[in-house]
Amino acid sequence: MKQNFIIYCVAIFFLAIGCKEESQTEIKMISTEEIQSLLEQDDIQLVDVRTLEEYQAGHIMKAQNIDILSPTFDDDIVKLDKSKPVVVYCKSGGRSAKCSKLMKAAGFVKIYDLDGGFEKWKFDELEIETID
């Protein structure tokens with residue numbers, strides 16, 4: 001009986017640790033001002049989840065395009081480093097919110113979602129890059 005109690009306690013302990021680690025990943029909404037300081041860090045991964053056409057029409061400098069609507073999205077997203085912070089954005093926030101949840105489920109450690117998306121970024125007249 002005592003042995004079963006010890007096994008039960010150990011199982012509860014490991015279950016609690018597992019739950020705690022899962023909840024450590026958080027999705028943080030950030031403003032255009034906050035993203036500016038984040039982009040100054042070397043280890044930030046900046047991901048534009050809009051379509052290629054939207055991306056080519058204008059995107060935040062140094063962003064990589066991983067279209068959330070693409071059939072290769074799941075394969076493309078796992079190529080990112082899960083241990084490094086990632087900032088995601090789309091046009092106005094809907095697709096990036098969905099992407100953030102998928103990244104959290106995939107085990108990404110730190111996820112930032114640009115509040116208001118690229119539309120807010122353009123409104124604040126920050127650096128935009130286009131592809132000719």
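Atom OG of Ser100 sits about 13.5 Å away from atom NZ of Lys28, to the nearest 0.5 Å. To the nearest 0.5 Å, atoms CD (Gln64) and NZ (Lys79) are separated by 10.5 Å. Between Ile77 atom CD1 and Met103 atom CE the span is 4.0 Å, to the nearest 0.5 Å. Of the inter-residue distances, the one linking His59 atom NE2 with Asn65 atom CG reads 8.5 Å to the nearest 0.5 angstrom. Distance check: Ile44 CD1 to Leu38 CG gives 4.5 Å after rounding to the nearest 0.5 Å.
Between Thr32 and Ile35 the shortest heavy-atom distance is O-CG2, 3.0 Å. When all heavy atoms are compared, the tightest approach of Tyr55 to Arg50 is CA-NH2, 3.7 Å. Residues Ile66 and Phe73 approach most closely at CG2-CD1, 3.7 Å, considering heavy atoms.
With hydrophobic clusters built from ILVMFWY side chains whose heavy atoms lie under 4.5 angstrom apart, Leu52 does not share a cluster with Val49. Using a 4.5 Å cut-off between side-chain heavy atoms of Ile, Leu, Val, Met, Phe, Trp and Tyr, with links allowed through other members, Leu102 and Leu69 fall into the same hydrophobic cluster.
Residues satisfying the side-chain hydrogen bond (donor to acceptor under 3.5 Å, both in side chains) test with Asp76, not counting sequence neighbours, are Thr72. Under the side-chain hydrogen bond (donor to acceptor under 3.5 Å, both in side chains) criterion, Glu34 pairs with Ser31, not counting sequence neighbours.
The side chain to side chain contact (heavy atoms under 4.5 Å, CB included) with Leu46 is formed by just one residue from the set Val86, Val88, Val87; it is Val87.
Glu54 and Thr51 are linked by a side-chain donor-acceptor pair at a separation below 3.5 angstrom, with hydrogens and angles left out of the test.
Counting only distance, with no hydrogens or angles, the side chain of Tyr89 and the backbone of Ile60 share a donor-acceptor pair below 3.5 Å.
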Quick one: side chains of residues 105-115, donor-acceptor pairs under 3.5 Å with protein atoms, not counting sequence neighbours, listed by atom name and distance.
residue: Asp113; atom: OD1; partner: Ser96; partner atom: OG; Å: 2.6
residue: Asp113; atom: OD2; partner: Ser96; partner atom: OG; Å: 3.4
residue: Asp113; atom: OD2; partner: Ala97; partner atom: N; Å: 3.3

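Using a 4.5 Å cut-off on side-chain heavy atoms (C-beta onward), Asp48 and Cys90 make no contact.
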